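A quick write-up on the structure given underneath.
When a ligand or atom number is given, it counts from 1 through the structure's own listing order. Treat the numbers as computed from the prediction; the structure is a model and nothing was measured.
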Amino acid sequence: MNNTTNTIDLSIIVPIYNEQENIPELYRRLTEVAKQVTSNYELVFINDGSKDHSLHKLIELSKTDHHVFYINLSRNFGHQIAVSAGLDLCRGNMVVIIDADLQDPPELILEMVKKHEEGFEVVYAKRLQRKGETWFKKMTAKLFYRILKNITSINIPIDTGDFRLIDRKIVDYLKLMPEQNKFLRGQIAWLGFNQTYVEYNRDERRYGTTGYPLTKMIRFALDGITAFSDKPLTLVIQAGIAVSFVAFLMILYAIHGYFSEQKTTPGWASLLVSTMFIGGIQLISIGIIGMYISRINKNIMNRPLYLIQQTNLENKNSN
Ligand code: UDP
Ligand code: MG
């Protein structure tokens, strides 16, 4: 199981997508925190196809500081996959996942390490407040976490991102979950073990713009739901039953009308409405089923999750 030789105490994994302005302060604060934990740490930056000078900055840092490692993916694969690449290659006994934009305060890592020492394998960071994010983002995020909680059987913590500390054990188990549509916070919750949290106020993004526009957020939310719940399929069946029942009543009514009252209504409007209604339900249902099939399809193709163009980490074939 433990296929990595762990000579490193702490790995900090940071996915990077167009974060050139954030890198200097991020590096400074992470280094300061890591040094307080151990001298034996590594900072693993995953460049997820940035279009700015992020990669260049990372390479420069790695030349002056032997704690700095970079993994340059061959293109933009998305946040979850970038983090997965970091998890595959990092070597720490404790692993921290953190965003690059300084929305997650690096100083919180110290509290997480304390909890880990108390025996918790997973310490996630729970957001009390989110500063500087749009009303829309906060509301949709809140709604999503609550819906997810209601329709899944596992306990995915509410109002947390991927900012967390996990034990090597958890990392190794995550590597055994080869699914293509990653939803790491759900997978980690699914694993169990001793999990706890520390609370924090989420800061504003320091520089740059979000790499998570609405379309990506929706895709991510759907991944979370389809990975951990069959509830949408159940809803489809229930809707089908409800519609069929109404249709059945309408049939009775029509037959009754035809025979007893001898009146044949033109019925154009009701016909149109019911056809469209059923059509709508059918389309939604096919779409939902399609989402699940697409998951199966992706996993059957068994493509590599990501491709590495260049890295200064040796541990390349750990997966
Ligand atoms: N990120 C990434 N690939 C992407 C989008 C984002 O690696 O395609 C990184 C980004 O650099 C940051 C983290 O993922 O470190 C979170 O992204 P962001 O801050 O843009 O998301 P938000 O906080 O707005 O949800
Ligand atoms: Mg952010």
Side-chain angles (χ1 to χ4, degrees), residues 11-27 29-30 43-58 61 68-90 95-106 108-109 124-145 148 158-164 180-185 200-224 305-309 311:
S11 300
I12 301 181
I13 293 182
V14 197
I16 301 279
Y17 180 62
N18 299 339
E19 304 280 7
Q20 59 181 11
E21 294 95 346
N22 290 313
I23 289 174
E25 183 181 343
L26 175 72
Y27 165 70
R29 283 169 67 182
L30 284 179
L43 305 180
V44 180
F45 297 95
I46 305 94
N47 179 43
D48 186 21
S50 297
K51 296 183 184 74
D52 63 0
H53 299 294
S54 296
L55 177 65
H56 175 73
K57 295 218 158 171
L58 296 176
L61 280 178
V68 173
F69 296 92
Y70 62 87
I71 302 168
N72 183 32
L73 300 184
S74 61
R75 61 171 171 84
N76 178 255
F77 281 91
H79 168 251
Q80 295 286 300
I81 294 187
V83 173
S84 303
L87 290 174
D88 287 343
L89 270 68
C90 76
V95 178
V96 169
I97 303 168
I98 189 169
D99 281 359
D101 56 3
L102 295 162
Q103 284 193 292
D104 307 330
L108 202 68
I109 295 173
Y124 53 86
K126 197 172 155 88
R127 304 161 180 159
L128 288 175
Q129 257 181 38
R130 310 177 109 194
K131 267 188 256 168
E133 281 175 309
T134 58
W135 168 87
F136 182 74
K137 177 143 190 168
K138 282 190 225 177
M139 201 202 60
T140 46
K142 240 193 158 68
L143 193 69
F144 167 66
Y145 286 117
L148 193 63
I158 275 185
D159 298 331
T160 66
D162 283 318
F163 184 24
R164 62 194 61 213
Q180 298 268 331
N181 311 56
K182 295 281 177 197
F183 189 68
L184 289 168
R185 61 198 73 164
Y200 77 115
N201 289 319
R202 190 157 165 89
D203 287 333
E204 286 174 47
R205 166 177 268 281
R206 193 54 59 93
Y207 298 102
T209 50
T210 174
Y212 259 106
L214 185 64
T215 44
K216 270 197 197 175
M217 262 168 51
I218 292 174
R219 208 177 317 147
F220 183 58
L222 290 179
D223 274 344
L305 258 190
Y306 53 84
L307 295 172
I308 297 174
Q309 191 163 352
T311 174

Exercise for review: Decide whether Q80 and D162 meet the rule of one side-chain donor and one side-chain acceptor closer than 3.5 Å.
Suggested key: yes
Point to revise | Short side-chain donor-acceptor distance under 3.5 Å, Y17 and K51 | key: yes
Point to revise | Polar contact flag, side-chain donor to acceptor under 3.5 angstrom, D101-N22 | key: no
**Study point:** Aromatic contact, Y27 with F45 (centres under 6.0 Å)
**Key:** no
Point to revise | Residues lining ligand 1 [heavy-atom distance under 4.0 Å, listed by chain and residue number] | key: P15, I16, Y17, E19, D48, N76, G78, H79, D99, A100, D101, Q103, K137, R202, R205, T210, G211, Y212, K216
Review point. Should the ring pair F163 and Y200 be called parallel, tilted or perpendicular, given that the plane angle runs from 0 to 90° and is split at 30 and 60?
Key: perpendicular
**Study point:** Parallel, tilted or perpendicular: rings of Y306 and F77 (30°, 60°)
**Key:** perpendicular
Check your understanding: Hey, what's the angle at the Mg ion (ligand 2) spanning OD2 (D101) and OE1 (Q103), nearest 10 degrees?
Key -> 100°
